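Nothing here was measured: the structure is a model prediction, and the numbers come from that model.
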Amino acid sequence: MAQVLVTIEYRNLEAVHDHMSKRLHVSGECTVRGGGFAVEIAPLSDPQHGGINTRMLTLALNVIPTGESPSKQVLDYHQPWSDDVPFTEVDFRVESPTTATQPPTLTITDVQ
């Protein structure tokens, strides 16, 4: 059975490191063309597959069949920040049984 390509358009994506709360916040909006799928950002199921760039945090983009049509969706992800690993970028890897349009790599903005 062939995989379905899910076309996703992304808007207002940002990655922010909040120094006060010591948290990373990745947020934005997406529109799933044709609906029928939910999209979420999560930690990689296997952090070993994060890539070779130690300054780039790779997160999972889960595309989950729902059968419903919530075309426009909000993306919201938080995780603790460790100063031991000074990430400068966030990248995404699709981790689902479908293939999907990936968001662009984001540069992390620092906020005091």
Fill in: CG-OG distance between N12 and S27, expressed to the nearest 0.5 angstrom
8.5 Å
Discussion item. Using side-chain heavy atoms (C-beta onward) and a distance below 4.5 Å, is H19 in contact with D110?
Written reply: yes
Fill in: Listed partners of Y77 passing side-chain hydrogen bond (donor to acceptor under 3.5 Å, both in side chains), at least two apart
Q79
Discussion item. Quick check: closest heavy atoms across L44 and L59, and the distance to 0.1 Å?
Written reply: CD2-C, 4.0 Å
Worksheet item: Which pair of non-hydrogen atoms, one from L13 and one from G28, has the smallest distance, and what is that distance?
Response: CD2-CA, 3.8 Å
Worksheet item: What are the two closest heavy atoms between R55 and P86, and how far apart are they?
Response: NH1-CG, 3.2 Å
Table please: side-chain donor-acceptor pairs of residues 32-41 below 3.5 Å, with sequence neighbours left out.
from : atom 1 : to  : atom 2 : distance (Å)
R33  : NE     : E9  : OE2    : 3.1
R33  : NH2    : E9  : OE1    : 2.9
R33  : NH2    : E9  : OE2    : 3.4
E40  : OE2    : N62 : ND2    : 3.2

Worksheet item: Which residues pass the side-chain hydrogen bond (donor to acceptor under 3.5 Å, both in side chains) test with N53, sequence neighbours left out?
Response: none
Item to complete: Kindly assign one of parallel, tilted or perpendicular to the pair W81 and F87, based on the angle between their ring planes and the thresholds 30° and 60°.
Response: perpendicular
Worksheet item: Minimum heavy-atom separation for A60 to E95, with atom names?
Response: CB-OE1, 3.4 Å
Without placing hydrogens or testing angles, list every side-chain donor-acceptor pair under 3.5 Å for residues 102-109, not counting sequence neighbours.
from : atom 1 : to  : atom 2 : distance (Å)
Q102 : NE2    : F92 : O      : 2.7
T105 : OG1    : D91 : OD1    : 3.0

Practice prompt. For V16, check side-chain contact (heavy atoms from CB on, under 4.5 Å) against everything at least two apart and list the hits.
Written response: E14, V111
Response to the item:
Taken in chain and number order and not counting sequence neighbours, the residues that satisfy ring-ring contact (aromatic ring centres under 6.0 Å, His included) with H25 are H78
Response to the item:
Applying salt bridge (charged side-chain N to carboxylate O under 4.0 Å, His left out) to E29 and not counting sequence neighbours gives R11
Practice prompt. Kindly write out the residues that satisfy side-chain hydrogen bond (donor to acceptor under 3.5 Å, both in side chains) with D84, not counting sequence neighbours, or none if the list is empty.
Written response: none
Practice prompt. Could I get the full list of side-chain hydrogen bond (donor to acceptor under 3.5 Å, both in side chains) partners for S82, not counting sequence neighbours?
Written response: none
Item to complete: Please answer: with hydrophobic residues joined when any side-chain heavy atoms are less than 4.5 Å apart, are L75 and V6 in the same cluster?
Response: yes
Discussion item. Run the salt bridge (charged side-chain N to carboxylate O under 4.0 Å, His left out) test against D83 and tell me which residues pass, sequence neighbours left out.
Written reply: K22
Worksheet, complete the sentence: Output for pair (I8 CD1, S71 OG), nearest 0.5 Å, gives 10.5 Å
Worksheet entry | Where A100 and V94 come nearest, the two heavy atoms and their spacing | O-CG2, 3.8 Å
